[in-house]
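Data block below; observations after.
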Amino acid sequence: MIEAIEGEAPMFQNLDVFKTAMAMARHAGLKQAYSAQNIANADTPGYRAKDIPEFAKSVRDSLQGQRATRAKHLNGSTGRSVDFTERRQALDPNGNTVSLEEEMVKAVDAKRQSDRALAIYRSNLSILRSAIGRR
């Protein structure tokens with residue numbers, strides 16, 4: 001068992017890096033889901049492409065303050081953990097805002113973000129295992 005030096009917290013008590021990696025992986029999954037939904041509706045008349053803010057912006061916003069989860073919570077201001085936005089851009093003749101090229105780039109970006117989150121998780125898990133003497 002790992003004992004803390006007097007006056008210091010145990011080394012493994014606060015493992016926020018795992019929480020951050022998990023949040024990044026969830027964000028990447030949601031980003032991929034919106035991209036897939038946009039591609040599926042590429043020919044739907046009047047459909048507005050949806051997107052979510054970048055992960056860094058989402059984390060920064062969540063650190064700035066709390067968000068309400070119910071209508072009466074936090075003075076009645078409600079919010080979602082990740083708000084999607086409708087992208088406004090040049091419309092097709094049918095009123096659709098989906099760009100297949102842009103969605104392909106976004107899907108690749110989501111894949112890279114997911115891979116990055118898993119790499120961070122694996123790396124820190126290896127460090128943790130080494131620190132406790134397991135391989």
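Since this is a predicted model, take the numbers as computed values, not measurements.
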Would a distance-only check, ignoring hydrogens and angles, find a side-chain to backbone donor-acceptor pair under 3.5 Å from [X] to [Y]?
X: Ser35; Y: Lys31; answer: no
X: Asn38; Y: Lys50; answer: yes
X: Ser123; Y: Ala119; answer: no
X: Ser130; Y: Ser126; answer: yes
X: Ser114; Y: Ala28; answer: no

Working to the nearest 0.5 Å, report the span between [atom1] of [X] and [atom2] of [Y].
X: Ile127; Y: Ile132; atom1: CD1; atom2: CD1; result: 13.0 Å
X: Asn96; Y: Asn41; atom1: CG; atom2: CG; result: 7.5 Å
X: Phe55; Y: His27; atom1: CZ; atom2: NE2; result: 7.0 Å
X: Glu54; Y: Lys57; atom1: CD; atom2: NZ; result: 10.5 Å
X: Asn94; Y: Thr44; atom1: CG; atom2: OG1; result: 8.5 Å
X: Ile120; Y: Asp115; atom1: CD1; atom2: CG; result: 11.0 Å

Looking at [X] and [Y], what are the two nearest heavy atoms and their distance?
X: Ala49; Y: Glu103; result: CB-OE2, 4.3 Å
X: Lys111; Y: Gln32; result: N-OE1, 4.4 Å
X: Ala25; Y: Ala117; result: N-CB, 3.7 Å

Any side-chain heavy-atom pair of Ile52 and Tyr34 under 4.5 Å: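 Of all side-chain heavy-atom pairs linking Tyr34 with Ile52, at least one is under 4.5 Å.
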
pair Phe18-Leu125: side-chain heavy atoms closer than 4.5 Å: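 They are in side-chain contact.
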
Residues Asp109, Lys106: salt bridge by 4.0 Å N-O rule: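 The answer is no: the pair does not qualify as a salt bridge.
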
Counterpart residues, ring-ring contact (aromatic ring centres under 6.0 Å, His included), relative to Tyr47 (two or more places apart):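 Partners of Tyr47 by the ring-ring contact (aromatic ring centres under 6.0 Å, His included) criterion come out as none, since no residue qualifies.
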
